**Q** 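Take a look at the following structure, please.
Counting convention: from 1, in listed order, for ligands and their atoms alike. Model, not experiment: these values are computed from the prediction.
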Amino acid sequence: MKDRDFVNDFEAKVKNTIKKYNLLDKKDKIIVAASGGKDSTTILYLLKKFGYDVEALYINLRLGKYSDDCLQAVKELCKQEKIKLHVLDIKKQFGMRMCNIRCGVQEKIKVSNCMVCGIVKKWLLNKEARKLKGDKIVTGHHLDDESQTIIMNFLQGNLMLGANSGPITGSVKDKKFVPRAKPLYFISEKDIKKYSFLKKLPVVYEKCPCAVSSLRIRVREFLQEKDEKIKQNIIENFLKILPDLKGKLLKEKLLYCKICQEPSRNEICKKCELLDSK
Ligand code: AMP
Ligand code: ZN
């Protein structure tokens with residue numbers, strides 16, 4: 001396929017996902033969770049190109065040079081495309097860098113680096129997007145991420161963990177909860193890499209230096225050598241059972257965490273369970 005055809009095909013696929021799953025509206029204020037990596041940079045660039053009202057939100061996790069480089073990449077794209085950028089400093093939020101937050105948690109419980117970071121990021125994104133009066137949060141999650149998550153939940157014996165996933169979350173409506181959309185849901189990591197490269201987007205291609213020895217990495221390695229069709233099958237078959245999972249979720253009440261007052265499925269949210277556990 002010629003490069004120009006690849007680019008057109010890629011953009012049409014993203015537009016199609018947005019339309020088919022009714023992910024975004026031109027009237028929405030969209031907060032793109034921008035990490036400086038290829039996935040979120042690509043979707044930020046594309047949504048702006050498609051004419052959406054987008055702003056970027058970068059969480060500075062203070063992981064040394066890696067975080068500095070990522071911030072630089074996000075700044076560059078936002079300047080180039082005239083996108084408003086918000087930067088949230090983890091140190092200002094929690095008084096310490098992500099590594100210290102993680103170590104504190106790992107002294108008490110056995111949990112992977114990515115798990116702690118993921119929970120803290122999700123909590124911060126929702127809180128900040130709400131503060132910015134965002135109607136939707138957009139992340140760069142793609143086909144490879146999503147098929148990995150489904151297999152991980154399955155291996156852990158809890159497919160219900162994925163009940164709030166799919167191309168858009170938010171089966172449970174709540175004024176404190178900002179729905180999260182994933183317009184790259186059906187697109188492979190390989191194609192995103194190619195697109196970002198062809199468009200010469202400012203991107204940090206290295207992986208996070210702290211992403212070591214998690215279940216996700218083992219599942220990623222297992223799926224990596226598989227055909228793309230297999231990953232497509234995993235998410236397509238998951239989407240068939242998703243309405244049932246969402247139905248079950250709707251029966252559960254959405255609560256507000258007793259400690260931080262943020263929306264949660266339990267009395268104490270996952271972030272507070274990790275950070276405030278004695
Ligand atoms: P990850 O959890 O690193 O796999 O990233 C998944 C998605 O979360 C990315 O595609 C981004 O949309 C978002 N994200 C990750 N890290 C950050 C960050 N430091 N700041 C803002 N958004 C982020
Ligand atoms: Zn909480």
**Q** Spell out, as yes or no, whether a donor-acceptor pair under 3.5 Å connects the side chain of Asn153 to the backbone of Asn158.
**A** no
**Q** For Val138 and ligand 1, does the shortest N/O to N/O distance drop below 3.5 Å?
**A** no
**Q** What do you reckon, are the aromatic ring centroids of Tyr45 and Phe50 less than 6.0 Å apart?
**A**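 Centroid distance Tyr45-Phe50: not below 6.0 Å, so no.
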**Q** Give me the residue, atom name and distance of the protein heavy atom closest to atom 10 (O) of ligand 1.
**A**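 Result for atom 10 (O) of ligand 1: Gly140 N, 3.0 Å.
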**Q** What residue and atom, counting heavy atoms only, is the protein's closest point to atom 12 (O) of ligand 1, and at what distance?
**A** Ala33 O, 2.6 Å
**Q** Provide, to 0.1 Å, the distance between atom 14 (N) of ligand 1 and the closest protein heavy atom, together with that atom's residue and name.
**A**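 Minimum-distance protein heavy atom for atom 14 (N) of ligand 1 reads Ser35 CB, 3.8 Å.
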**Q** Only heavy atoms of Leu57, strictly under 4.0 Å: list the atoms of ligand 1 that pass.
**A**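 Counting atoms of ligand 1 from 1, those under 4.0 Å from Leu57 are 21 (C).
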**Q** For the atoms SG of Cys272 and SG of Cys269, give the angle they form at the Zn ion (ligand 2), rounded to 10 degrees.
**A** 110°
**Q** Compute the shortest N/O to N/O distance between Ile59 and ligand 1 and return yes if it is under 3.5 Å, no if not.
**A**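 Min N/O separation from ligand 1 is below 3.5 Å for Ile59.
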**Q** Among all the protein's non-hydrogen atoms, which is closest to atom 6 (C) of ligand 1, and how far away is it?
**A**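 That would be His141 NE2, 3.4 Å.
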**Q** Is it true that Glu146 and Lys231 make a salt bridge, defined as a side-chain N closer than 4.0 Å to a carboxylate O?
**A**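 No, no charged N to carboxylate O under 4.0 Å.
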**Q** Is at least one protein non-hydrogen atom found at under 4.0 angstrom from atom 4 (O) of ligand 1?
**A**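 No.
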**Q** Taking C-beta and beyond as the side chain, do Leu184 and His141 meet within less than 4.5 Å on heavy atoms?
**A**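 No. Closest side-chain heavy atoms not under 4.5 Å.
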**Q** Looking at every non-hydrogen atom in both residues, tell me the closest pair between Pro263 and Arg130 and how far apart they are.
**A** CD-NH1, 4.2 Å
**Q** Salt-bridged, Arg220 to Asp144, with N to O below 4.0 Å?
**A**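 No, Arg220 and Asp144 are not salt-bridged.
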**Q** Heavy-atom contacts under 4.0 Å between Leu125 and ligand 1: side chain, backbone, both, or neither?
**A**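 Neither; no heavy atom under 4.0 Å.
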**Q** Quick one: look up the protein heavy atom nearest atom 2 (O) of ligand 1 and list residue, atom name and how far away it is.
**A** Lys121 NZ, 3.3 Å
**Q** Looking at Met98, Gln93, Met115, which one forms a side-chain contact (heavy atoms from CB on, under 4.5 Å) with Val120?
**A** Met98
**Q** Do Lys270 and Glu273 sit within salt-bridge range, that is, some charged N less than 4.0 Å from a carboxylate O?
**A** no
**Q** Applying a heavy-atom cut-off of 4.0 Å, say which part of Ala34 lies close to ligand 1: side chain, backbone, both or neither.
**A** backbone
